[in-house]
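Everything below concerns the one structure shown next.
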Amino acid sequence: MQEEHIEDLNDIMKVRRQKLAKLQEMQVNAFAYAFERDHTAQQVIDDFEALQEKPVAIAGRIMSLRSMGKAAFGHIMDASSRIQIYVRQDQVGDAAFEVFNLVDIGDIVGIKGTVHKTRAGEITIFAQQFVLLTKNLRPLPVVKERIEDGQKVTYDAFADTELRYRQRYVDLIVNKNVRDTFVMRSKVVTAMRRYLDGKGYLEVETPVLQPIYGGAAARPFTTHHNALDMTLYLRIADELYLKRLIVGGFEGVYEISKDFRNEGIDRSHNPEFTMMELYVAYEDYSFMMNLVEEMINTICQDVLGSSKVMYQGGELDFTPPWPRLRLFDAIQKYAGVDLYGKSRDELRSAAKSLHIEIESFWDSGKILDEIVKEKVEPHLIQPTFLCDYPVELSPLAKRHRDDPKLVERFESFVAGREISNAFSELNDPIDQRGRFEQQMAMKEAGDDEAQMLDEDFLKALEYGMPPTAGLGMGIDRLVMLLTDSPSIRDVILFPTMRPEML
RNA sequence: GAAGGUGUAGCUCAGCCGGUAGAGCAGCGGCCUUUUAAGCCGUGGGUCGUGGGUUCGAUUCCCGCCACCUUCACCA
């Protein structure tokens, strides 16, 4: 709405504008500059005994109103909590009460008054002064709750997922559990930083715009730099830059940042998502397994006070150690076939007998990957490490010390979803070049997710990268687990949406 | 990208085997100075997602389109 035509607004919005005009006539600033408060709602509730009868100043958004002529009850909400207010004409004065009569649910107000408990036993601020701080011009969904048979019943919840995602600000105002989820998300990231910083690792920032994308198998977003007249890609992983830093002499570096993958959107995928990558010199993937289970458990303890969490009706237990299952043993266990050392054709027929569809250009690694996805991953509910992957699947991982067909790689699974991926990093530049070349061949063959050859990265390896363990961890998915969220969109404040058609 | 589902008032929903729509809350007016889904009385509000088609007549039936949800594909 570029130009505003009041006749286009609905009745409720028209009335709000009229009230605004009335306030202006009364010389009331409906968009105040500041309000000096000395308590939050939660502080008043927590310190009720000490604050009883004492004056407090609080501010917040009106969430309910029950007017009784010359007095009214309502609830105001600030970031901490919700608290009842009681406004009486004979206390706040005629002028302020006249303003109060123009207040709607959704307005932001400041209250100075004394702390009491009502007859019904609810902590309430009896207003002595009332100030309008911000006039609301758009009706807010009014969610009501009632206790029935000890159960909290919610009426008229703001529940339309599309509206909730498109207008997350409304979702946050109205749905407390949504606020809680994002507070929890912040705590998870803070706890992770605290853990990694405590180990002495250095948090760094590497390029989002990359001339050559790498470090994962995915299609990128492509963009263009005008001044340089060149194509740039939004990163799909941080890996190759972080390893350059290990070459440079840092011995532990991590980055928490957005990665971008030009793939489909579903309950566990968003085109931009948050990843933590960590590289530690002189260590291998066994070290990293220990670190992952310790780190996740520490985060759980920090933010939930427990190693156990309920997720979608089932209990997850993050207490270390987590089971470690070799990939081919897992296939044996869940698919009932031994696929170790099998040729591409043998894998192909195995896939067929397991009713798994495969593409003609897939190599043996890709076919195996598909079988694992279908037959193994759904079984990995409790935290589990799947380790020792075939070399074809992992062009950046070091060959297994006991078996050249495998690499020293693991992925951790929880609730059937991958939450981390790690390996002993390949630091032999000759081997690395060969693996890149194999990827290029796959790209030729039609695999548009095969990785690009990065000459500068190879050059860095030629200078010598110490033995290094590397890890990537999906933050969004971790937060989903710890907040019992079924969709990644529930843990991303503004998930990717198609633009609304106007 | 495919299939299925959904789209009706600010919010949550009902309804219509074709005759231009209802409820609760929110709103507006009135009464009410301890209420809390406040209450009581009265009352306004909708191009029924969008564009076509069939029909005397479409919110309802048919087709296209858009958005969202679910499952699948791709992927983490």
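Quick note: numbers below take in every heavy atom, side chains included, and nothing from hydrogens, waters or symmetry partners. Chain letters run A, B, ... following the sequence lines, proteins first, then strands; residues in each count from 1.
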Legend entry - side-chain hydrogen bond (donor to acceptor under 3.5 Å, both in side chains) between A:Asn136 and A:Arg16, worked out: CA-CA 7 Å; A:Asn136 163 302; A:Arg16 302 266 164 123; 2.6 Å; yes
Heavy-atom nearest nucleotide on RNA chain B taken for A:Ala157 and for A:Arg88; more 5' hit belongs to A:Ala157
Run A:Met26 and A:Val99 through side-chain contact (heavy atoms from CB on, under 4.5 Å) and show every step you take. CA-CA 8 Å; A:Met26 295 159 68; A:Val99 174; 3.8 Å; yes
Fill in: Whole-Å C1' distance, B:A14 and B:C31
32 Å
Short heteroatom pairs, N/O only, protein and nucleotides 21-25 of chain B, under 3.5 Å:
residue	atom	partner	partner atom	Å
B:G24	N2	A:Asp156	OD1	2.9
B:G24	N2	A:Asp156	OD2	3.1
B:C25	O3'	A:Lys144	NZ	3.2

In whole Å, measure the gap between the P atoms of B:U70 and B:C13 for me.
16 Å
Result for side chain to side chain donor-acceptor pair (under 3.5 Å) between A:Arg185 and one of A:Asp180, A:Thr274, A:Thr483 points to A:Thr274
In whole angstroms, the gap separating P of B:C28 from CD1 of A:Ile105 amounts to 10 Å
A:Arg166 atom CZ is separated from B:A67 atom C1', nearest whole Å, by 6 Å
Rounded to whole Å, OH of A:Tyr213 lies from P of B:A76 at a distance of 13 Å
Side-chain donor-acceptor pair under 3.5 Å between A:Ser80 and A:Gln42, yes or no?
no
So, with a heavy-atom separation below 4.0 Å from RNA chain B, the residues of residues 108-123 of chain A are A:Thr118, A:Arg119, A:Ala120, A:Glu122
TODO: Using the P atom as the reference point in each nucleotide, state the distance between B:U43 and B:C25 in Å, no decimals.
DONE: 15 Å
A:Asn175 CG to B:U12 P, in whole Å, measures 10 Å
- request: Using the C1' atoms only, state how far B:G64 lies from B:A76, rounded to an integer number of Å.
  value: 36 Å
Query raised in the report: Hey, are the side chains of A:Phe97 and A:Val87 touching, using non-hydrogen atoms and a 4.5 Å cut-off?
Result: yes
Discussion item. Using a 4.0 Å heavy-atom cut-off, does A:Phe126 contact any base of the nucleic acid, only the sugar-phosphate backbone, or nothing at all?
Written reply: base
Rounded to whole Å, the CZ-P distance (A:Arg66 to B:U33) equals 16 Å
Residues at least two apart in sequence or cross-chain that pass ring pair (Phe, Tyr, Trp, His ring centres under 6.0 Å) with A:Phe126, listed by chain then number, are A:Tyr86, A:His116
Test: A:Glu293 and A:Arg324 ion pair at under 4.0 Å: yes
Salt bridge or not between A:Arg219 and A:Glu263? Use side-chain N to carboxylate O under 4.0 Å.
yes
B:G15 and B:U8, which share atom name P, separated by this distance in whole Å: 14 Å
| Does a side-chain N-to-carboxylate-O contact under 4.0 Å join A:Arg235 and A:Glu255? | yes
Determine the contact category for A:Gln84: base if any of its heavy atoms lies under 4.0 Å from a base atom, sugar-phosphate if only primed atoms, P, OP1 or OP2 are that close, otherwise nothing.
base
Identify all pairs in which a protein N or O lies below 3.5 Å from an N or O of nucleotides 69-72 of chain B, and state each distance.
residue	atom	partner	partner atom	Å
B:C69	OP1	A:Arg489	NH1	2.2
B:C69	OP2	A:Arg489	NH1	3.1
B:U71	OP1	A:Arg267	NH2	3.4

Answer yes when A:Asp171 and A:Arg168 have at least one side-chain N-carboxylate O distance shorter than 4.0 Å, and no when they do not.
yes
| Can you find a pair of side-chain heavy atoms, one from A:Phe410 and one from A:Ser420, that are under 4.5 Å apart? | yes
Residues at least two apart in sequence or cross-chain that pass side-chain hydrogen bond (donor to acceptor under 3.5 Å, both in side chains) with A:Ser364, listed by chain then number, are none
message = Using a 4.0 Å heavy-atom cut-off, does A:Lys366 contact any base of the nucleic acid, only the sugar-phosphate backbone, or nothing at all?
response = sugar-phosphate
Note to self: side-chain contact (heavy atoms from CB on, under 4.5 Å), that's the test. Do A:Leu327 and A:Arg409 meet it? Break it down for me.
What the structure shows: CA-CA 10 Å; A:Leu327 187 82; A:Arg409 171 184 178 188; over 6 Å; no
Write down the protein N/O and nucleotide N/O pairs, taken from nucleotides 40-46 of chain B, whose separation is under 3.5 Å; answer none if there are no such pairs.
residue	atom	partner	partner atom	Å
B:G45	O4'	A:Asp11	OD2	3.4

message: Between the base of B:A38 and the ring of A:Phe73 - centre-to-centre under 5.5 Å, planes within under 30° - is that a stack?
response: no
Quantified in whole Å, what is the C1' atom distance between nucleotide B:U47 and nucleotide B:A9?
13 Å
Roughly how far apart, to the nearest Å, are B:C66 and B:G10 at atom C1'?
-> 23 Å
When rounded to whole Å, the CG to P distance for the pair A:Asp104 and B:G29 reads 10 Å
Smallest heavy-atom separation, A:Leu482 atom then A:Met184 atom, equals O-CG, 4.4 Å
Atom NZ of A:Lys19 and atom C1' of B:G29 are separated, to the nearest Å, by 12 Å
- Mind checking the P distance from B:G1 to B:U59? Whole angstroms is fine. 30 Å
Is a donor from one side chain sitting under 3.5 angstrom from an acceptor on the other, for A:Asp238 and A:Tyr254? no
To the nearest angstrom, the CG-P distance between A:Asn136 and B:G10 comes to 15 Å
